Amino acid sequence: MRWFDNTALTVVIIGAVNWLLVGIFRFDLVAFLFGNLSWLSRIIYTLVGLCGLYLISLYGRIGNMSE
């Protein structure tokens, strides 16, 4: 399951970089590459969101590792 954690973390980091670009330069890389709210960009946004929700579970797992 560690590979899934790493994959989810990578997807969320890419999403965070996209939001950084939106915040600083008003440039949405996903919309630029795949179209503004096209079905493909909506899938990418959904995957980033789902990976972010999944990574919430890291808080509990990190707490269990330190004990």
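This one's a predicted model, so the numbers in the text were calculated from it and none came from an experiment.
The shortest side-chain heavy-atom distance between Ile14 and Val48 does not fall under the 4.5 Å cut-off. By the 4.5 Å heavy-atom criterion applied to side chains, Asp5 and Arg61 are counted as neighbours.
Criterion: ILVMFWY side-chain heavy atoms under 4.5 Å apart, direct or through other members. Under it, Trp39 and Leu33 are part of a common hydrophobic cluster. Linking Ile, Leu, Val, Met, Phe, Trp and Tyr residues whenever their side-chain heavy atoms come within less than 4.5 Å places Leu47 and Phe34 in a single cluster. In the hydrophobic cluster analysis, where Ile, Leu, Val, Met, Phe, Trp and Tyr join through side-chain heavy atoms closer than 4.5 angstrom, Leu20 is grouped together with Leu29. Hydrophobic clustering, with ILVMFWY side chains joined whenever heavy atoms are under 4.5 angstrom apart, keeps Val22 apart from Ile24. Under the 4.5 Å side-chain heavy-atom criterion for grouping Ile, Leu, Val, Met, Phe, Trp and Tyr, Trp19 is not connected to Leu53 through any hydrophobic cluster.
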Verdict with reasoning, Tyr45 to Asp28, per side-chain hydrogen bond (donor to acceptor under 3.5 Å, both in side chains) = CA-CA 11 Å; Tyr45 292 133; Asp28 188 349; 2.6 Å; yes

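Annotation: the span from Ser41 atom OG to Asn18 atom CG amounts to 10.5 Å, rounded to 0.5 Å. Taken to the nearest 0.5 Å, the OG atom of Ser38 stands 7.5 Å off from the CD1 atom of Ile44.
The aromatic rings of Phe4 and Tyr54 lie perpendicular to each other, with more than 60° between the two planes, well past the 30° mark.
Remark: Phe27 CZ is packed, more than 12 non-hydrogen atoms of other residues, nucleotides or ligands lying under 6.0 Å away.
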